[in-house]
Amino acid sequence: MKNVLSAAQVRAAENKAKQNGVGETFLRFSASLAVADIIAEHVKGKSENSIAVFCGSGGNGCDGLLAALRLHTLGHKVTAYTVFDISKYDAETLAYVKSGGLKVEPASSYDGNANIIADAVFGIGLNKQIEGEVAELINKLNAQKNAFKIALDVPSGLNCDSGEVMGVCFKADETVTFSCYKPGMLFGNGRNMCGKIIVKDVFATESDMHVYEDGDFPAYVRDNTAHKGTAGKVYIIGGCGSMVGAPIMAGAAAHTAYLNGAGTVTVCVPSVHRAAMSARATMSIMKFMPDTPDGFIKFDKKELDEIVRNASAICIGMGMGANPELKNMVKYICDNYDKAVVIDADAINAIKGDYGFIKSAKAKVILTPHVGEFKRLTGLEGTVENAKAIAAELNAVLVLKSATTIITDGKEVRINIAGTPAMAKGGMGDMLSGCITALTCAYSPIDAATVACYRNGLGAERAVSSYAQMMLTASDVLNFADYKE
């Protein structure tokens, strides 16, 4: 996993490293070498490679100058371009790189012919709008479509805390960031501006916010004596009469649960769908719930008690519509069940503005709203701070879904960036909920949510390479989500 730090936290970490005897020169050389080596990989084996490194007058610019010198000593054709008046630059760094034979020219002399463009104009300290000649330069670089673009630490023009574009922003194909992710890379316009993000360790960091990656969880291996009864009995409650596709999605979520380790999966749908689901059910067990003439599942204590008694994990909400009894069903399960409950979709809408009962729930609650549902539920914007506060208030795990998904138990924050814009399609959330529910049979609630988000995102990334982006469906993701813990 990699830490996520704000600009202020990064500066504190740098200062701590210096207090521990790590000199600024060492930090600069470490950062510049990391960038230079990545750029060198991009041009390896290519007959033509012209590298242009655009350097500001601050620390990020010094890193750029030193990276350019490293590339020069490796034999690459590289020019460092100064964006500001030369008098504003660190004289010692300029003298050092020039003594090594690096070509340093003003940015105004750039002819637009480089194959690789490296942006080292502004770093994490940018706090004002970019205007004038610098804005014109960044627009000129962005317009150069034939060049591969790399940003050092953060793309120039991106607020590293908020993800706001400060007037104009360098649009990178790849960003090499130092020691940690910055929040602005993950939210706002950051995902559009950073391209692929590579974190290179330069100094030690500490944070309660992390991006989880492949290999961050130990493999879950069943005991040799395991059988389907001990592997986990998952119950998925969903569907209503007016949404014919909803129980099918519940069934798809059941399939996801099987693929993620559940021993048995029981899909609980309204009786009105008996014929439709009997024809479609394959691996899952069907439980047809008492329903109203409108096809809504009724609150039935006897039926719910059976589910509570037998389930290893429960998911409720998908496709249940505006069921007037749904809130009471959710409350009853939370109050009378002591294992994991995933509250999803319509179940979230059912408890909007009245979710305080979760604080004292007997169950281990996992809420899975997307940002719109979160606002309806709480009246708050879907920020890291708000998500963490609500999770802490409710003593629950919150999975706040968006292009960047926030997973928190109120103590730590985990960020999932695995995935693709092709996932912006109905059914993806249903699959995720089935995955989370099954994984709670093997992991803690927050670990189950983290693994599920990563696994589904990785599956989508793999799937989209075989499908046109607009053609990808939720079920396609399952064929590629063979994540190895």
Side-chain angles (χ1 to χ4, degrees), residues 1 4 186-187 208-212 216-217 234 236 238 249 253 256-257 260 313-318 330 334 339-352 355 358 361 363-378 380-419 423-424 427-460 474 477 481 483:
M1 65 183 181
V4 184
L186 308 174
F187 301 100
D208 62 359
M209 191 187 312
H210 314 285
V211 172
Y212 275 72
D216 283 335
F217 291 95
V234 168
I236 295 175
M249 281 300 175
T256 309
N260 286 277
I314 298 171
C315 177
I316 182 169
M318 55 190 67
V330 174
C334 287
K339 299 183 181 68
V341 175
V342 176
I343 301 175
D344 184 42
D346 289 318
I348 293 171
N349 292 328
I351 63 172
K352 64 183 178 182
Y355 52 84
I358 294 174
K364 300 170 183 174
V365 175
I366 303 171
L367 289 157
T368 61
H370 56 62
V371 288
E373 290 168 336
F374 181 78
K375 188 166 187 178
R376 288 197 294 273
L377 178 71
T378 66
L380 302 172
E381 297 296 329
T383 65
V384 169
E385 294 77 13
N386 288 339
K388 189 176 180 183
I390 291 295
E393 176 190 343
L394 299 180
N395 192 30
V397 169
L398 182 69
V399 180
L400 182 52
K401 299 178 293 189
S402 191
T404 297
T405 294
I406 301 163
I407 306 155
T408 179
D409 60 358
K411 303 178 187 70
E412 65 170 314
V413 177
R414 300 176 177 185
I415 303 297
N416 180 70
I417 57 174
M423 297 178 79
M428 294 291 178
D430 301 302
M431 297 294 183
L432 177 63
S433 293
C435 184
I436 293 172
T437 310
L439 287 170
T440 61
C441 299
Y443 293 100
S444 70
I446 190 169
D447 285 350
T450 308
V451 174
C453 290
Y454 182 80
R455 180 179 289 182
N456 279 23
L458 187 65
V477 173
Y483 170 66

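Heavy atoms only: backbone and side chains are in, while hydrogens, waters and symmetry mates are out.
To the nearest 0.5 angstrom, Leu400 atom CG is 12.0 Å from Asn416 atom CG. Remark: Ile366 CD1 to Ile314 CD1 distance equals 12.0 Å, nearest 0.5 Å.
Between Leu398 and Ala391, the shortest heavy-atom contact is CB-CB, 4.2 Å. For the residue pair Glu373 and Thr368, the shortest heavy atom distance occurs at OE1-O, 4.0 Å. Closest approach of Met318 to Ser433, counting heavy atoms only: CE-CB, 4.0 Å. In terms of heavy-atom proximity, Ile446 sits nearest to Val397 at N-CG2, 3.9 Å. Contact record, Thr256 with Met431: OG1-SD, 3.0 Å, taken as the closest heavy-atom pair. Cys441 and Ala313 make their closest contact through SG-CB, 4.2 Å (heavy atoms, listed as atom of the first residue, atom of the second, distance).
Thr440 contributes a side-chain N or O that, together with a main-chain N or O of Thr437, makes up a donor-acceptor pair within less than 3.5 Å. A donor-acceptor pair under 3.5 Å is formed between the side chain of Asp216 and the backbone N or O of Met1. Between the side chain of Thr404 and the backbone N or O of Leu186 there is at least one donor-acceptor pair closer than 3.5 Å. Under a 3.5 Å cut-off, the side chain of Lys375 and the backbone N or O of Gly382 do not form any donor-acceptor pair. Looking at Asn386, its side chain does come within 3.5 Å of a backbone N or O of Glu381 through a donor-acceptor pair.
The side chain to side chain contact (heavy atoms under 4.5 Å, CB included) with Leu367 is formed by just one residue from the set Val342, Asp344, Val399, Ile343; it is Ile343.
By the 6.0 Å contact criterion, NZ on Lys364 is open, its count of non-hydrogen atoms from other residues, nucleotides or ligands being 12 or less.
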Ile415 vs Met209, test: side-chain contact (heavy atoms from CB on, under 4.5 Å). Steps then yes/no.
CA-CA 7 Å; Ile415 303 297; Met209 191 187 312; 3.9 Å; yes
How far apart are the C-alpha atoms of Tyr355 and Thr378, what are their side-chain angles, what is the distance that settles it, and do they pass the side-chain contact (heavy atoms from CB on, under 4.5 Å) test?
CA-CA 9 Å; Tyr355 52 84; Thr378 66; 3.8 Å; yes
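Residues satisfying the salt bridge (charged side-chain N to carboxylate O under 4.0 Å, His left out) test with Lys352, not counting sequence neighbours, are none.
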